[in-house]
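Along the sequence shown, residues carry numbers from 1.
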Amino acid sequence: MSERDQVGGTCVIHGCIPEKLMAYAASFSHVFEDADEYGWDKVSDRIDWHKFMTAKDRAIQHLNKLHIQHLQEAGVSLIYGETRFLDSHTLDVGGHQITANKILIAVGGEAVKPEIPGIEYAITTRQMFEIKQQPQHIAIIGSDQIAVKFAGSLNGLISKVTLIVPEDRILPGRDEDIRTTVQESMMNNGIQIFCNTVVEKIEKVQDSLLLSLLGNEQDSITVNTVLSAIARVPNLSGLNLEKAGVQVKQGAIAVDEYSCTTQANIFAVGDCTDRPHWTPVAIATGRAFADTVFGNQPRTVNLECIPSALSSRPEAATVGLTEAKAREKFGESIRCYSQRFQPLFDTIAEPEQKTLIKLVVDSKSDRVLGAHMVGEYAAEIIQCLGLAIRTGITKKDFDATIGIHPSAAEEFFTLR
């Protein structure tokens with residue numbers, strides 16, 4: 001099955017699902033390191049890259065077949081081809097015209113590379129899941145969660161990793177304690193991080209790539225792979241949205257709370273809009289669109305307090321306000337409760353990293369405004385806390401809750 005025949009978008013084909021599978025594969029190296037301390041013989045710490053990529057492709061193909069099956073069972077016709085608008089009701093799909101009363105745009109986003117000399121030698125995150133050989137030494141340009149995910153996973157797969165960050169630290173916009181803890185853990189795991197650094201140019205030298213750097217004590221590095229993970233933008237090229245009367249603002253399709261564009265019969269959801277670029281957001285707004293337009297049940301989606309996770313090594317997750325954002329909004333009434341502790345697993349194994357948990361609380365109302373975690377199972381724990389925070393849980397509610405022992409999650413209910 002070629003990519004043009006696949007469904008599921010970025011998440012399924014070359015986004016969160018294969019990223020998570022890569023994170024799973026990477027996690028074994030850390031378990032193997034500690035196996036002997038738990039009584040097991042040493043296990044090989046080398047991965048068969050081809051075998052992993054084959055297994056990953058097989059899993060993606062399975063998901064694609066399931067999605068196609070569900071669409072067919074629902075009576076949906078699948079038509080493949082590059083698409084452009086001819087007018088507000090007419091599309092050209094691979095040379096064939098289709099007319100519709102209502103049209104939904106869900107074309108997602110695409111990776112963009114920075115404009116620097118030699119950037120053609122760099123690959124994007126899409127290509128990362130297509131390369132035939134494991135990188136021996138990879139330079140990753142970027143600082144957001146995508147760049148950090150790949151850095152942590154590839155390090156776990158025993159590639160040498162250098163992360164080139166233009167800011168003073170990784171994960172801009174996240175809670176400061178999360179940023180610091182994740183970066184320290186990555187460096188302890190052997191990842192080289194160059195902060196306040198930009199790539200001036202990339203040159204091919206025989207079978208290697210030479211990166212000239214600005215802002216770092218080391219003015220150049222030589223690697224065999226460069227991954228550009230700077231940014232993603234809405235995938236609007238070639239759609240001819242102007243012919244349909246659909247307005248684009250700051251590179252994204254402008255929509256109202258019901259996902260309606262500036263053309264009354266055309267709607268848009270997902271990463272092609274200016275909403276948060278998360279798969280669950282696209283799913284939620286897509287369902288709300290269907291209920292509103294075809295189900296006679298008008299509804300909108302509350303985009304506040306969206307949980308998010310970093311599926312890498314270390315794992316991290318967050319929901320609600322960061323400490324900085326909470327102080328901007330509520331001032332001196334903000335109190336933070338946090339704890340760093342050694343996971344139970346490390347009482348026998350060699351300690352690698354501390355688990356961090358943190359609650360951001362408005363002391364006037366006692367309401368919990370944010371929860372943040374770095375450590376194993378962070379995504380699963382924060383997902384559950386997300387519901388509690390959305391419904392107005394207080395710090396007293398946390399204090400009155402009895403936790404499951406022994407677990408990392410119980411520590412959220414013992415913070416004082």
Side-chain angles (χ1 to χ4, degrees), residues 1-32 43-73 76 78-82 94 106-113 121-140 142 145-161 223-229 232 235 270-271 277-280 282-283 309-313 315 379:
M1 179 183 290
S2 66
E3 186 172 315
R4 70 180 300 274
D5 296 327
Q6 293 177 321
V7 298
T10 296
C11 179
V12 171
I13 302 169
H14 44 76
C16 358
I17 297 299
E19 285 172 5
K20 186 76 172 183
L21 293 176
M22 181 176 280
Y24 284 146
S27 67
F28 285 97
S29 65
H30 298 278
V31 173
F32 293 162
V43 186
S44 171
D45 61 355
R46 301 304 303 176
I47 187 172
D48 185 327
W49 182 263
H50 175 73
K51 189 173 183 179
F52 163 67
M53 294 294 275
T54 300
K56 180 267 300 180
D57 290 341
R58 187 165 55 246
I60 300 305
Q61 289 170 8
H62 174 69
L63 288 175
N64 273 277
K65 288 178 180 178
L66 284 178
H67 285 307
I68 292 173
Q69 178 183 333
H70 293 159
L71 289 169
Q72 291 173 339
E73 291 173 350
V76 175
L78 290 173
I79 304 171
Y80 299 96
E82 293 187 12
V107 293
E110 61 179 345
V112 293
K113 296 179 181 180
Y121 297 120
I123 62 174
T124 64
T125 52
R126 175 192 292 253
Q127 296 165 311
M128 186 68 235
F129 291 112
E130 300 171 354
I131 59 176
K132 302 301 181 184
Q133 293 185 335
Q134 180 180 358
Q136 296 176 349
H137 184 184
I138 185 169
I140 301 176
Q145 63 156 9
I146 296 176
V148 173
K149 278 182 184 181
F150 276 107
S153 292
L154 287 165
N155 172 256
L157 294 173
I158 323 298
S159 289
K160 183 177 179 180
V161 178
V223 300
N224 68 311
T225 305
V226 177
L227 171 62
S228 174
R232 293 183 60 83
N235 185 23
D271 292 3
H277 289 184
W278 302 105
T279 298
I283 293 172
L310 180 71
S311 56
S312 184
R313 185 76 181 185
E315 184 176 339

> Any chance the side chains of Glu19 and Ser153 put a donor and an acceptor closer than 3.5 Å?
Replying inline: no

>> Out of the candidates Ile60, Asp57, Val12, only one should pair with Pro18 under the side-chain contact (heavy atoms from CB on, under 4.5 Å) rule; please name it.
In response: Ile60

> Mind checking whether Gln134 and Phe52 have side chains closer than 4.5 Å, heavy atoms only?
Replying inline: no

> Can you tell me how far CD of Glu315 sits from NZ of Lys149, rounded to the nearest 0.5 angstrom?
Replying inline: 10.5 Å

> Thr125 and His14: side chain to side chain contact (heavy atoms under 4.5 Å, CB included), yes or no, with the steps?
Replying inline: CA-CA 7 Å; Thr125 52; His14 44 76; 5.8 Å; no

> Say you draw a straight line from CD1 of Ile13 to CD of Gln6; how long is it, rounded to the nearest 0.5 Å?
Replying inline: 4.5 Å

> CD of Glu73: more than 12 outside heavy atoms within 6.0 angstrom?
Replying inline: yes

> Between Trp49 and Ile131, is a side chain to side chain contact (heavy atoms under 4.5 Å, CB included) present by the stated rule, with each step listed?
Replying inline: CA-CA 10 Å; Trp49 182 263; Ile131 59 176; 3.9 Å; yes

> Among all residues two or more places apart in sequence or in another chain, which pass the side-chain contact (heavy atoms from CB on, under 4.5 Å) test with Ala147?
Replying inline: Ile140, Asp144, Leu163, Ala229

> Who are the side-chain contact (heavy atoms from CB on, under 4.5 Å) partners of Lys20, not counting sequence neighbours?
Replying inline: Tyr24, Ser311

> Does His137 have any side chain to side chain donor-acceptor pair (under 3.5 Å) partners at least two apart in sequence or in another chain, and if so, which?
Replying inline: Thr162

>> side chain to side chain contact (heavy atoms under 4.5 Å, CB included) for Leu157 and Ser29? Distances and angles first, verdict last.
In response: CA-CA 7 Å; Leu157 294 173; Ser29 65; over 6 Å; no

> What is the distance from atom OG1 of Thr225 to atom CD of Gln136, rounded to the nearest 0.5 Å?
Replying inline: 8.5 Å

>> Measuring only between side-chain heavy atoms, which start at C-beta, is Met128 closer than 4.5 Å to Pro135?
In response: yes

> Minimum heavy-atom separation for Gly108 to Asp271, with atom names?
Replying inline: C-CB, 3.8 Å

> Is there a side chain to side chain contact (heavy atoms under 4.5 Å, CB included) between Arg313 and Asn155 once you walk through the steps?
Replying inline: CA-CA 8 Å; Arg313 185 76 181 185; Asn155 172 256; 5.9 Å; no

>> Taking Lys56's backbone N and O only, do any of them form a donor-acceptor pair with Gln61's side chain (distance below 3.5 Å, no angle check)?
In response: no

> Atom CG of Leu227 and atom OG1 of Thr124: how far apart are they, to the nearest 0.5 Å?
Replying inline: 7.5 Å

>> Treating Asn64 as the side-chain partner and Val7 as the backbone partner, does any N or O pair qualify as donor plus acceptor under 3.5 Å?
In response: yes

>> Using 30° and 60° as the class boundaries, would you call the ring planes of Phe28 and Phe32 parallel, tilted or perpendicular?
In response: tilted

> Does any non-hydrogen side-chain atom of Ile17 lie less than 4.5 Å from one of Cys11?
Replying inline: yes

> Cut-off 3.5 Å, side chains only: do Arg232 and Thr10 have a donor facing an acceptor?
Replying inline: yes

> From Ile123 CD1 over to Lys113 NZ, what is the distance, rounded to the nearest 0.5 angstrom?
Replying inline: 8.5 Å

>> Other residues, nucleotides and ligands only: do more than 12 of their heavy atoms fall within 6.0 Å of NE2 on His70?
In response: yes

>> Using 0.5 Å steps for rounding, measure from the CE atom of Met22 to the CG atom of Leu154.
In response: 5.0 Å

> Does any N or O in the side chain of Lys160 come within less than 3.5 Å of the main-chain N or O of Ile138, such that one atom is a donor and the other an acceptor?
Replying inline: no

> So, His67 side chain and Gly8 main chain: donor-acceptor pair closer than 3.5 Å or not?
Replying inline: no

